[in-house]
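First up is the structure itself, then whatever we jot down about it.
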Protein chains: 4
Amino acid sequence: MSQTVTKGQVVGEFRCRAIREAAMRVVGRKGLANATVQEIANEAGVAKGTVYLYFRSREEIIEKTTQIAVDDLLDRTLEAIKAGGLVRDVLERVLTTQIGYFDEHQDFFRLYFAMVDGSEESRRRRLANRRRHVAQLVTMLEAASKSGEIRAADPERVAIAIAGAVREVIFRRIDGKSTHAPADEVRFLTDLFCDGLCVRRGRR
Amino acid sequence: MSQTVTKGQVVGEFRCRAIREAAMRVVGRKGLANATVQEIANEAGVAKGTVYLYFRSREEIIEKTTQIAVDDLLDRTLEAIKAGGLVRDVLERVLTTQIGYFDEHQDFFRLYFAMVDGSEESRRRRLANRRRHVAQLVTMLEAASKSGEIRAADPERVAIAIAGAVREVIFRRIDGKSTHAPADEVRFLTDLFCDGLCVRRGRR
Amino acid sequence: MSQTVTKGQVVGEFRCRAIREAAMRVVGRKGLANATVQEIANEAGVAKGTVYLYFRSREEIIEKTTQIAVDDLLDRTLEAIKAGGLVRDVLERVLTTQIGYFDEHQDFFRLYFAMVDGSEESRRRRLANRRRHVAQLVTMLEAASKSGEIRAADPERVAIAIAGAVREVIFRRIDGKSTHAPADEVRFLTDLFCDGLCVRRGRR
Amino acid sequence: MSQTVTKGQVVGEFRCRAIREAAMRVVGRKGLANATVQEIANEAGVAKGTVYLYFRSREEIIEKTTQIAVDDLLDRTLEAIKAGGLVRDVLERVLTTQIGYFDEHQDFFRLYFAMVDGSEESRRRRLANRRRHVAQLVTMLEAASKSGEIRAADPERVAIAIAGAVREVIFRRIDGKSTHAPADEVRFLTDLFCDGLCVRRGRR
DNA sequence: TATGAATGAGAATTCATTCAT
DNA sequence: GATGAATGAATTCTCATTCAT
C-alpha cells in the first residue's frame, strides 16, 4: 500500500468525471432546466441510480460540474496573468484565454450563463466565483498600477467592468451566433479598455 | 361616449398589471424556475384560474412581464440618449437611467438576468431586446463619432462592451449587495469607457 | 289573463331552445366530451351565467337536448307506425323516418351515439329511451303478428335486432361517411328482416 | 440462453397487463370519460407515476386496452368462421362467440360502446375495428353465397346489419341487465337473419 | 457497487359553477 | 333577468429520489 488512493477512489473519480461531462453535454443540448437526471445518466452510460452513488442530488451534479469548469477557466486565466508583462499584453492573454475557453467548450456556456436560479447555496457559490474572477483581474490591475502603466482607479470596479464586457461578448458569440475572429474581439476589447473612446481625455 | 374604453377593459388591464407585478415579485424572491403559477396567483391575491383569464400560459406571464419592463427600461434609455449633448454626458445619463432603474425595480433583475433557458420564441425575444439595447447605444456612439468626439471604432462592439459592463455592475449591486452610490458607479464607468486605463495610449 | 303562459315563460322557453340548439351544434362539432358550457353559451349568443338560469348544470343541458331530440325522433317513428298497412310498408316508413332524421340532424348523431358515460340518472334515461323505441317496434310487430303477416317470434327480440341494425347503418352513414341513397338502405333492411337470407328456410 | 426474453420484459408485460386490466375495470365501473389515471393506478395497485413507465399517456392506456380486447374478440370470431360449415351453423358459432365474450368480459362493454369522442387517431382505429369485424362477416357471407345457401345480397350491408343487431343485443344483456340464456339469443338471431319474419316472402 | 422500477409530490392547465353588479 | 369575472377542484403528466435485488 505505497499509495493512498485505492482502486475504488480511482473508479469513483472516473465515474464522477463521466457524469459531469455528460451533464455538461446534456445542459449544452437542452438547457439547464430541461436537463434531467435520466438523460444525464444515459449520456454517461450509467443507470440513473448510479448517479446518486456519486452525487447527492441533481443540484450537486450541476454545482460540481459548473464548479470544476469554472475552476478550470479561472486556472487558465491565472496562468495568463502570472506570466506577466505589459498590462495590455496580459489583458490580451486573459481575454484570449477566456474567449477561447468558451469557443472550445460551447456546452459550458449554457451552464455558465444559467446562473440566476437555484438554492441560496448555489447563489453563494456563483457570487464567490465572480469574486474570484474579479480578484484575478484586480491582481493584474494592481501590478500595472504599481508599475505606473495605468492611472489610479478603483481596480475592483475596473475588473467588474472588464468581466462584464467579456461576458457579454462571449454571450453574443455563442447565443447570437456571431462569428468574429477571436483575435479581433480580443484586440478590440483590449484597446477599448486601455485607451478609451474619447479623442480628448478628461472631463471638460 | 366620451371614452372608448369599457369598464371591463380597465379592470382587465388592472388585473393584468397586478398579475405581472406579482410575477415580478415572485421571480424576484424565488427565481424564474421556481416561480409557480400558484404562487404568482397568491401573490396577486387571485385564484389560480383567474390568472388564466388574463394570460394564456405561464410562459406568457413571464414573457409579458419581462417585455413590459424591458420596454420601459429601453424607453427611458432612449430618452436619455435623445436629449443629446457631449457623449460623456449622454453616457452618464444613460448609465444613471439604467442603474437607477434596477435600483428601483430590484425584483426585475432576476427576470432580466435569467436569460438562457426557455422556448425558442422567448430566446428570440431576449436576443431582440439585447439588440435593441445595443442599437440605442450605437446611435449614441455614431453621433459622437460624427462630431469627432470619439475615435473610430466598431460602434456595435463598443456598445456590447458597455452593455456588458453595465449589466455586471448592476448584477453586483443587487445580487452582490454592494452599496456604492449610483452616481459613483456612473461616473466611474463613464470615465473608464471615455478615457481608458492606460497612462500612455496606443500599442507600443 | 285568458292565457296561462306569461311572457316570462315564453322568453324562457325561447332561451331554452336556443341553448339546446346551440348545445347540439357544439356537440356535433366538437364531440360531447369537448363541448364546454362556455362554447355552448357563445353559440347560443348568451353569457355563460345565463345558461345556468335555464339549466341546473351542464349535464342537464345535455340531457334535455338529447331528450327532446329523441322524443322528436320517436314521435315521428310513432306516426310512421300508426299510419298502418302491411308490415313491410310500415317498416319501410319507420326506417325512412329514422335514417332521414339523422341525415337531417347530423349534429344529433354525436349526442345519440355518445351514450355510454354519464351519471346513473342519465343511464336510466338512456335505457328508457331505448325501451320506448323498442316498444314502438313491438307494437308494429304485434299488429303484423295478429294479422298473420309474420310468423310468431318474440317481438321484443325482433325489435331489438332491428333497432340495432338501424343504429349501425346510421352510424356508418355518418361516422363512416358512406353515401348510399337512403331509399336503398331502407329497402335493403326491409327485405333482409322480412325475407331473411337463406334460400331454404328452416333448420335442416 | 435458452430464452430471449429478459426478466425485465416479463415483468414489464405483467405490469402492462395489470394496468390494462385495471383500466378495463375502472372504465367498466365509471365509464370512459370518468376513468382517471389516478384511479386506474390505484386499481392496478401501483403509483400514478408507474403507469407512465408503461404507457405514454392516458389515451395510450385506453387505446391499448381496447385494442387488445378487440383483437382478442375478433380472433375468436375468426376461428368461429374458419371452422366452416352451413352458414346457419357458422353464424350460430359467431354469435355464440361474441355474446359469450361480453358475458365473460362485462367491463369491456363500456370501452367497446364508448365510441364517439376521442382523438382523430382513436376514431380512425375505432372505424378500422368495425371494418375488420364487418370484413369477417363478409367472408362468411360470401362463402355461403358461393355455395348457393343464401340469396344474393350486398354482403357488406348484411354484415353491418348483423353486427348492429348483435351489438344491440349485447348492450341490452349488459346495460339493460337482461338475463336470457345466451344460446336463446343466438338461436333467435340466427333464425331471424336466415329466415326473416314474413310468412310469405317477397314484395307483393 | 450497479441497476432501473417504483414512487408521489408538484406543476400547468381546464372548466363547471357561483355570485356581485 | 343577464352578465362574465372569479373560483378552485380535478386532471394529466414529469421527474428527482429511493430502494430491493
Side-chain angles (χ1 to χ4, degrees), chain A residues 7-8 11-12 15 33-42 44-62, chain B residues 6-9 11-12 14-15 33-42 44-62, chain C residues 7-8 11-12 15 33-42 44-62, chain D residues 6-8 11-12 14-15 33-42 44-61:
Chain A
K7 201 180 105 201
V11 172
R15 279 268 193 272
N34 304 309
T36 67
V37 173
Q38 179 66 70
E39 191 166 356
I40 292 169
N42 292 348
V46 299
K48 187 156 49 157
T50 305
V51 169
Y52 284 87
L53 294 176
Y54 298 98
F55 296 90
R56 260 193 294 280
S57 67
R58 177 185 185 277
E59 177 156 351
E60 191 180 284
I61 303 170
I62 299 303
Chain B
T6 69
K7 207 181 91 196
Q9 284 174 316
V11 172
F14 177 79
R15 278 270 189 274
N34 305 310
T36 68
V37 173
Q38 180 65 72
E39 191 166 356
I40 292 170
N42 292 349
V46 299
K48 192 159 36 137
T50 304
V51 168
Y52 285 90
L53 294 177
Y54 297 97
F55 297 89
R56 265 192 289 279
S57 64
R58 176 187 185 277
E59 178 158 348
E60 192 180 284
I61 302 170
I62 299 302
Chain C
K7 202 180 105 200
V11 172
R15 279 267 195 271
N34 304 310
T36 65
V37 173
Q38 179 66 71
E39 191 166 355
I40 293 170
N42 291 349
V46 300
K48 187 156 47 157
T50 305
V51 169
Y52 284 87
L53 294 176
Y54 297 98
F55 297 89
R56 260 192 296 280
S57 66
R58 177 186 185 277
E59 178 157 350
E60 191 179 284
I61 302 170
I62 299 302
Chain D
T6 69
K7 208 182 89 195
V11 172
F14 177 80
R15 279 269 189 275
N34 306 309
T36 69
V37 174
Q38 180 66 72
E39 190 165 357
I40 293 170
N42 292 348
V46 299
K48 191 164 32 141
T50 304
V51 168
Y52 285 92
L53 293 177
Y54 297 98
F55 297 89
R56 265 193 289 280
S57 64
R58 176 187 185 278
E59 177 157 348
E60 192 180 284
I61 303 170

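Treat the numbers as computed from the prediction; the structure is a model and nothing was measured. The sequence lines fix the lettering, A, B, ..., with proteins before strands; numbering per chain opens at 1.
Atom CG of Asn42(A) and atom C1' of dG4(E) are 11 Å apart (whole Å). Put simply, CD1 on Ile62(A) is 14 Å from C1' on dC15(F), counting in whole angstrom units. A straight line from CD of Glu39(A) to C1' of dG4(E) spans 17 Å, rounded to a whole angstrom.
Across all strands shown, Phe55(C) has no heavy atoms under 4.0 Å from either base or sugar-phosphate atoms.
With rounding to the nearest 0.5 Å, the separation of CD in Glu59(B) from CZ in Arg56(B) is 11.0 Å. Rounding to the nearest 0.5 Å gives a distance of 10.5 Å between OH of Tyr52(C) and CD of Glu60(C). To the nearest 0.5 Å, atom CD1 of residue Ile40(D) and atom NZ of residue Lys48(D) are 12.5 Å apart.
The side chain of Thr50(B) places no N or O atom within less than 4.0 Å of a non-bridging phosphate oxygen (OP1 or OP2) of dA5(F). Remark: Arg15(C) is not in phosphate contact with dG1(F), judged by side-chain N or O atoms under 4.0 Å from OP1 or OP2.
Counting only Watson-Crick and G-U wobble pairs whose two distances sit under 3.5 Å, DNA chain F takes part in these stems of three or more pairs: E:2-21 with F:2-21.
Heavy-atom distances to DNA chain F give each of Tyr54(B) and Asn34(D) a nearest nucleotide, and the one nearer the 5′ end belongs to Tyr54(B).
The backbone N or O of Ala35(D) sits less than 3.5 Å from a side-chain atom of Arg58(D), completing a donor-acceptor pair.
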Pairs: protein N or O with nucleotides 16-20 of chain E N or O, under 3.5 Å:
| unit_1 | atom_1 | unit_2 | atom_2 | d |
| --- | --- | --- | --- | --- |
| dA16(E) | OP1 | Arg58(C) | NE | 3.4 |
| dA16(E) | OP2 | Val37(C) | N | 2.9 |
| dT17(E) | OP2 | Tyr52(C) | OH | 3.0 |
| dT17(E) | OP2 | Arg58(C) | N | 2.7 |
| dT17(E) | O4 | Lys48(C) | NZ | 2.9 |

